[in-house]
Structures are given as structure tokens and as C-alpha cells.
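Everything below concerns the one structure shown next.
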Amino acid sequence: MCSRVLRVRGQAEDSGLQDRGQWASKAEFLLAVAGQIIGLGNVWRFPYLCYKNGGGVFFVPYMLFLVVCGIPLFLLETALGQYTSLGGVSAWMKICPLFAGLGFASQMMILHSCVYYIVILAWAFFYLCSSFQMRLPWSHCNNTWNTGVIHTSHSHIPHNPRSDGVFVGVCECVSFSRHEVLGLSASVDRLGSVNWRLALCLLLVWTVCYFCVWKGVKSTGKAVYVTATFPYVMLLVLLVRGVSLPGAVDGIVYYLKPNHTRLTDPQVWMDAGTQIFFSYGICLGSLTALGSYNKFNNDCYKDCFRLCLLNSSTSFIAGFAIFSMLGFMAQEQGVDIADVVESGPGLAFIAYPRAVSMMPLPQLWAVCFFLMILMLGLDTQFVSLEALIMSVSDLYPTLIRRRHRREILLLLVCSVCFLIGLLMVTPGGLYVFQIYDHFSCSGASLLLLSVCQSVAIGWIYGADRFSNNIKAMIGYQPLCIFSLCWRYLTPAVCIGTFGFSLMFWSPLTLANGVTAPRWARAMGWMLTLSSVSLLPLCAIYSLMNTPGTLQQVQKKKPLYHVKIHECRVI
């Protein structure tokens, strides 16, 4: 067997193929996965959902989804990549050809997310640059972009729309965000011209991403040492500062105050499930790609528990930092905390900037916060980009893994995504961003892919067989609860949540209360179908090109076996 390995390696060298690469150390793998799964959702989505859905009791459905869906699927994807040493597409083609569409669908979702997710970082970079002014521009109303009557209390903002739909009475932060940063138009039909300052910010962030990924795992592994650790330093600084502020205790109590009646609301359970899937990066193929760089005998089982614990702990701790600030802001303004709590970008670009503007040395805290936002989003972005490029390289190794071709492919992908992203730095760009965010990587799509993953491993490939594959790598089998989850619990919970999401589906409401027009919703559904439609299409293609009946195709042994690590192409 050793002679075969040497012969395969020699053939790879003779053909001029570049080494696929591995992590230089275990720390690089852990930091890369942590950078991928720990992102903006931990800071601006989880704390809000916890407050919204009953405070402390939200952890009941959250922990249930974590145990039944989050950890089992996290281990499934990471172990799949480590066992096959292939990216998201090729791994599924080898393990379960009938479900090869899972790999293609996940990569399409990554491509969509790369287009719009980085726009948030362009906004954050704009705010970061603005934080170095002698006086924070969103802390006062003596600016050219302020319109109408400016009020300092968020609870007394009058909603008096002008004929063009822009509110006359807005607070300084809302005015800065809508008029100076976004230049928000009145409707989705009015895109307008590109905001050159945001476009420049977007270009700079894309340039950073390119050079973090251009040498593959070698450059990615080094970049995560900074991007994955720096946010924790900033989070710790903001946490210590936040809990020392007056009113911080009120904010923390508001964040965790239990409301047991909320457990009877199906929306609470849907929010918990959706948060797990988004936060853990499940069904996007990135975990499989990152796991594929591991050594064959790496203990991915223990790594899975460590990383899941780190992710959920970060979300929980971030809530203390955020709500202590919001409690301070509520006390300073004499309003209820509910009036200052916002979800999503509103928390990062409106509520929190307003909080730091009331503190001593506001420029310092603003710089700390937006640096944290940049680092949290940056590693998620470039690790996703690495997963996408590696999946393409694994599909066409003889074409891509040659001198400079990978760098050219990466440059092409970055350029195309940047050009599409320019639509989101126009006056109507926020509406385009929201449509992308809502449809391209929707919770329903992720749930559907999760069901297919569980069925593919639990029933087609075989849960016991996959557990034996993991044993071949780490020397012992995972707990039997994992096989039970892959076969029954995970698909059952995902199908139930998917059904609830369809029952409670509501039309998308965009910024300024604008309801998405019919053509915008149609484009959104096209984004969704561009990924999920690949599941049946690839299955049909596999059936048409594989001899035998459906039952024979399902039972057909994959090309890989337990000794896979002894015949890898280096």
C-alpha cells in the first residue's frame, strides 16, 4: 500500500498538480471553524431573540435544537470532509452519488452569501472610518444630511413621511445611517447611482478577503490567528465597559428575564431552530471543506463539542455586552429598554452607535465595536470563499490545481461578486440586500438541505457505516445518540420546523415599511430555487446515468472505503 501512495504522489508531481494542503496545526483548524461559525449573528441576532422569546426560557428550545440538530449535523459535515479529504461537492459525490445535489446546492448558497454578506462589512468599514472624527457624526444634528426636526429620544420619533417616503423626523443615528451612509431611496424601484464611498469600502474589504485566501489553506490558516481571536479581545473590552455603566443591570435583567408562557408560541421554537442552523453554518459546505484539510486521525469528534460550546457561549456572553449598553442608553434617555432594542443591522448600526455616543471617549468605544464587527464578519467571509474555491478545485483538480490558476479563479469569483454587490451600495441597495438575505440562504432552504443530509447518511449510506468511518479515524465510535439523530430525530425535527415555517410564512417587508413588490419576490424565489432545485436535478441526472434500478443505485457502494486515508492523492 505504501508503494501505491508513493506512486500516486509521484504521478501528482509529474502532472504538475499543486499540493492540496493541510492545516499546519490543530489550532489553525479550530480557529478557522470558529471564525466561520462565530459571526455577526452571535452579536446582533441571538441576544435579540433571547429577549424577544422569553429571556432565559429561550434556552429550552435552543438547547433542544442544538442537541438534536446542531451538534449531529456539525459532526456529520466535519467528519465527512475529514474522511474523504474532499470539499463539499466531491465528498457527497463519492459518499452518496444520489445526493450529490447537496454539495452543489450548498456551494450555490455560499456564492450568494459571499455577494451580500460582505456588504455589511463595507458598512462597518464606513462607520469605522467615521469614528476617527473629533466628534462622532451620528452624535449631533449639525450635519448636511440631517433632515427635519431632530429628536434625542428614540421613543418620540414622529413618523411623518414626506411625499417621497423619507421620514422627516429621525434621530441622528437613523439619519446618518439612512442619508449619509446608505442614501436610502423611497422604494425598491429606485436603485439610483452607485455610492462611490461605499463602493470603495466594498473594494477594500474584497481586497483583504482575496489576499487572505489566495494561497489556499496556507494563507487562510495564518489569517485566522488574527481575525478569529481579535473579536474576543474587543468583546471582553466592551463587556467590562458595559457592565460598569449605570443601568447595565436593568439591561441584563431585561435580557434574561424568564417568561415561561412564551414556550407555547410556535414562533419561539422556529426562531431557536433557525438560529442554530444560521449560527453553526450547517448545510453550507464550509464545514466539510475545512474538515477536509485535517489529518486523517484528527479527533473531529471532540473538536465538534469544543467548537459548539464555544459558539453558544459566545452568543450568550455577547448578550451581556450588548444589553448592558442598551440598559445604560435607556436610563440616560429615560425610556423603556424595549424602545432601544433592535435586531439585525439596526442593533449594530443604529442602537449601539447611539449608546457609545453617550459615553466618555465615544470614539474609542466606536472604534473597538466596529473593529469587532469587521473581524467577526471578515473571517466568516473569507473562510466561506475558501470553501467555495476548494470545492471547485476538487471537482477539476487537473484544471485548477496548477501554477497560478487557483489565484486566477479566486480573482474571477471575487470580481464577479464585487460587481454584483455594487447593486447593494446604491440608494436602493438596502432593499436588494434584504431580498438576498431573506431568500438566498433562507431558513426553509437550510432545513430542507438538513433533512436530505440526514436521510443520505442515516438511511442511504448508513448511520452505522458512517459511525464506523469515524471510528476508523479517531479510534472509537461516537455515542449511539448520533446514529439515532441522523436516522430519526434530526429529520423529524427539521421537517416539523419546515412545516411551521411554511404555515407562518408572511410577505417580506423591506426598509421604511415597504412591502416587497411582486417582481422582487419573484426574483427572490429564483435565488432560492437556484440552490434547492439542484437537489432533484442532480438526483435525476444520477439515476439516468447509473445502470440498475433505484434500489440498486441506492445500495451501490461508494468509491471510498475505510482505508481511504491510505490512497489519497497528495
Side-chain angles (χ1 to χ4, degrees), residues 19-42 70-71 73-88 91 106-107 110 113-114 117-118 121 205 208-233 278-314 372 374-394 406 410 473:
D19 187 356
R20 189 179 188 276
Q22 283 187 330
W23 300 115
S25 65
K26 190 181 185 70
E28 288 188 2
F29 166 69
L30 294 176
L31 289 173
V33 178
Q36 163 66 20
I37 65 177
I38 299 173
L40 302 177
N42 297 76
I71 298 177
L73 291 176
F74 192 95
L75 175 62
L76 186 156
E77 295 191 28
T78 307
L80 177 64
Q82 182 171 313
Y83 181 68
T84 60
S85 190
L86 292 170
S106 64
Q107 298 311 303
I110 286 184
S113 66
C114 285
Y117 187 84
I118 199 170
L121 305 185
V205 178
V208 173
C209 285
Y210 176 82
F211 285 106
C212 286
V213 183
W214 74 316
K215 291 299 181 183
V217 66
K218 295 179 181 178
S219 57
T220 303
K222 300 301 180 288
V224 292
Y225 277 105
V226 176
T227 58
T229 57
F230 185 79
Y232 282 97
V233 177
F278 276 112
S279 180
Y280 281 83
I282 294 171
C283 297
L284 295 178
S286 54
L287 295 176
T288 303
L290 296 176
S292 71
Y293 292 126
N294 278 332
K295 296 179 180 178
F296 186 80
N297 298 116
N298 175 65
D299 196 338
C300 57
Y301 183 66
K302 290 182 180 178
D303 291 344
C304 171
F305 286 100
R306 294 189 186 106
L307 290 164
C308 290
L309 177 62
L310 178 64
N311 189 358
S312 296
S313 300
T314 302
M372 181 184 72
L374 270 173
M375 293 299 177
L376 280 173
L378 191 61
D379 50 11
T380 299
Q381 177 75 11
F382 71 68
V383 170
S384 298
L385 197 60
E386 169 66 29
L388 177 64
I389 297 299
M390 182 48 64
S391 293
V392 178
S393 299
D394 286 340
R406 186 187 187 280
L410 176 62
M473 293 189 293

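Side chain of Asn297 to main chain of Met473: a donor-acceptor pair is present (N/O by atom type, distance under 3.5 Å, no hydrogens or angles). Within the 3.5 Å criterion, the main-chain N or O of Phe296 finds a donor-acceptor partner in the side chain of Gln82. No donor-acceptor pair under 3.5 Å is formed between the side chain of Tyr210 and the backbone N or O of Leu410. Under the 3.5 Å distance criterion, the side-chain polar atoms of Thr380 are matched with a main-chain donor or acceptor of Gly35. With hydrogens and angles disregarded, no donor-acceptor distance shorter than 3.5 Å links the side chain of Glu28 to the backbone of Lys222. Under a 3.5 Å cut-off, the side chain of Thr227 and the backbone N or O of Met375 do not form any donor-acceptor pair. A donor-acceptor pair under 3.5 Å is absent between the side-chain atoms of Asn42 and the main chain of Thr314, judged by distance alone. In this structure, the side chain of Asn298 does not engage the main chain of Lys26 through any donor-acceptor pair within 3.5 Å.
The shortest distance between side-chain heavy atoms of Ile38 and Tyr232 falls below 4.5 Å. Within the 4.5 Å cutoff, the side chain of Phe230 has no heavy atoms near those of the Leu374 side chain. When side chains are defined from C-beta on, Phe211 does not count as touching Ser219, because their heavy atoms never get closer than 4.5 Å. By the 4.5 Å heavy-atom criterion applied to side chains, Val213 and Cys209 are not counted as neighbours. Looking at heavy atoms from C-beta onward, Tyr117 lies in side-chain contact with Leu40 at the 4.5 angstrom threshold. Under the 4.5 Å side-chain criterion, counting only non-hydrogen atoms from C-beta, Thr78 is not in contact with Asp303.
Considering all non-hydrogen atoms of both residues, Tyr280 and Ile37 come closest at O-CG2, 3.5 Å. Glu77 and Leu284 get closest at one heavy-atom pair: OE1-N, 4.4 Å. What you find for Phe305 and Tyr301 is that their closest heavy atoms are CD1-O, 3.2 Å. Among all heavy-atom pairs drawn from Ser286 and Gln36, the shortest one is OG-NE2, 3.0 Å. The heavy-atom pair separating Leu80 from Ala91 by the smallest distance is CG-CB, 4.0 Å. Contact record, Ala223 with Cys212: CB-SG, 3.9 Å, taken as the closest heavy-atom pair.
Going from atom SG of Cys300 over to atom CZ of Phe74 covers 10.0 Å, rounded to the nearest 0.5 Å. Distance check: Ser384 OG to Asp379 CG gives 9.5 Å after rounding to the nearest 0.5 Å. With values rounded to the nearest 0.5 angstrom, Phe382 atom CZ is found 11.5 Å from Ile118 atom CD1. Between the CD1 atom of Ile110 and the CD atom of Gln381 there is a distance of 10.5 Å, given to the nearest 0.5 Å. To the nearest 0.5 Å, atom CG of residue Asn311 and atom CD1 of residue Ile71 are 10.5 Å apart. The distance from atom SG of Cys114 to atom CD1 of Ile389, rounded to the nearest 0.5 Å, is 8.5 Å.
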Please step through salt bridge (charged side-chain N to carboxylate O under 4.0 Å, His left out) for the pair Glu386 and Arg406, ending with a clear verdict.
CA-CA 11 Å; Glu386 169 66 29; Arg406 186 187 187 280; 2.7 Å; yes
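Annotation: Trp23, atom CH2; neighbour count of heavy atoms from other residues, nucleotides and ligands within 6.0 Å is above 12.
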